[in-house]
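Notes follow the structure.
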Amino acid sequence: MSSLRLDAVAKNFGAVTALHPTDLAIAEGEFLTLLGPSGSGKTTILNICAGFLAPSAGRLHVGGRDITALPPRRRNIGMVFQNYALFPHMSVFENVAYGLRVRRIADADLRRRVSEALSLVRLDGFAGRAIRELSGGQQQRVALARAVVIEPDILLMDEPLSALDRQLRKTVQLEVRRLHLARPRTTLYVTHDQEEALVMSDRVAVMREGRIVQIGVGSELYERPADAFVARFLGESNLLAGTVQWLDGGRGALSVPGFAQPLEGRVGGSGAALAVGHAALALIRPEAVRPQADGIAARIVERVYLGELVAVRLILPGGTEIWCRRLAGDVPPDLASIAVGWDAARVTLLPNV
Amino acid sequence: METGAGGRLDRWLLHGIAGLIAAFLVLPILAIVPAAFNGRSFILLPPAEWSWRWWGVFFADASWRRTLVTSLEVASCVTVLASVLGTAAAIGIARLSGAVRTLVLAIFVGPVVVPTIVLAIALYAMARSFGLVGTLLALVLAHTMLALPYAALNVGVSLRAVDPRLMLAASGLGAGAWLVFRTVTLPLILPGILGGAVFAFVTSFDEVVLSIFLAGPAVKTLPVRIWEEIRVELTPVVAVAATIMLVLALAAWAIARLAELRRDGRTAA
């Protein structure tokens, strides 16, 4: 187990920049997720760490050792692929044993370690099975066992749950999290699924167009997004467009068309991108919107039943649409008028990107 | 399902025509088999009396046996050469892209596209200047030219079915290039290599045009001998030789088909 550090690592494919110079440090035993849409550069970082891609610039360190020039086989990195990439002509046992056989581990030791790895992922008794006899979830666990059995310095995972159905995905997310808490391994995980990122990670790095736009623990990203992109990517967002009216320290206000009063809130991100008189966005999470007797008069135009919650689409004066999420009993059962409000503390002013 | 009288008539017509086409394709070939079991001194269809007589003649004649052995020797060498070179070529071609790939592929299918007689004349001229006419080496090299594209294309198909991430996974687990090839790539493309090997064997075993130009009195393949024999007289021993070739070719085809089924079964899983 070692720390991982990227120093100004960049990747170009001809004229196309897949990754702008990027710094990233993952502490020993930390589970860090790269979260972003496809083409945001997250898989590029992963492949550079694995050694499958050579960076165009920058250095890569594992445990303080520069591994930039090392081929994949000399890096001692465990990788779990999106489609698992299990060897179809080998049994479960031989798949897991592969990395140990390559390392010429003695037979008795090899058997013990393979069986430990299989029991770690709860596949005891599956050693003799053929890969094609396994379900998707079981294959995913074999891939994980194969990656961790070599005691890698770093564990890399490339959207390993994307092929599983929703129910199984949730189970495996928790299982991966439990495995990680029981025995922390330095892990770099790639996904485009925000829920996956929030459930499993110690920290999340949100990526966009070849850059890390924000990095932090899940609650930080959700409550204090650096920009509208991060806000949209994590959770549901109401983003109201307006013009910055005043800025004062960490606070400010937007004038929003149709609103009698300026919309006050906390300045998000670095704040440097906001300027009086310029366009900006106000972020209000749907769960922050609540019925309030002296609030803004709104019209309910849609109700979506979500089990214990309902999502309600509201039209505010001036035609602005926002979503509100409440417990089912808190909003009128039929389409009606409603007065709503929110705490100014739960409004975040963000640059428009 | 219910079918009207018109539909049934159409179906009979369809089956009838399909049957006729099948007969057109297969009958002339199969006709050679009974001809080989004919007791008389000339080829007769159907045979007037059934007999193994000409099989005895074939195997008693050292010169016939010699040509069969030569054919098998040449085909075996070609099979090994074409399989090894074809596999290497397929792996190399898989790594190319763009114009280079197109050019290399064109070079590889060249010998198959060029009219065989042109190739024969060219090879004869080459072999003469190197003093190779009438040698086993000349036949092996010439047949390998024809067989190599089939072997390379067949392995190429197998290779495309292999997920390249398997090789990445193996190297990530610490395996060097040769170990990755031996433990992952090779087992997965083996059916393709076997299929290509059978194609190579059959290509060489069948080949007659190049062989006529390059064979000599001492080194002569079975098809060349059949060709020479027919020009003098048409005895049932030719039918025996042809039947032997037919059986070997069918056996080779069956092996290739089995290898293909195994490969498909594996990739489908």
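Residue numbers start from 1 in every chain, and the chains themselves are labelled A, B, ... in the order their sequence lines are given, proteins ahead of strands. The model shown is predicted, which means the values in this text are computed figures rather than measured ones.
- Within the 4.5 angstrom heavy-atom criterion, only backbone atoms of A:Leu86 (N, CA, C, O) approach chain B.
- Side-chain contact, A:Thr191 with A:Glu196: a donor N or O sits under 3.5 Å from an acceptor N or O.
- A donor and an acceptor atom, one from each side chain of A:Thr68 and A:Asp66, are located under 3.5 Å apart.
- With a 4.5 angstrom heavy-atom cutoff, A:Ile150 touches chain B only via side-chain atoms.
- Taking the six-membered ring where tryptophan is involved, the planes of A:Phe52 and A:Phe81 are essentially parallel, since the angle between them stays under 30° and well short of 60°.
- Within the 4.5 angstrom heavy-atom criterion, atoms from both the backbone and the side chain of A:Arg146 approach chain B.
- With chain B as the partner, the residue from A:Pro152, A:Gly99, A:Ala50 showing the most heavy-atom pairs under 4.5 Å is A:Gly99.
- Side-chain contact check for A:Ser162 and A:His192: no donor-acceptor pair (N or O, by modelled atom type) lies under 3.5 Å.
- Between A:Arg111 and A:Asp107 there is a salt bridge, since at least one side-chain N of the basic residue sits less than 4.0 Å from a carboxylate O of the acidic one.
- Using a 4.5 Å cut-off between heavy atoms, A:Arg103 touches chain B through its side chain atoms alone.
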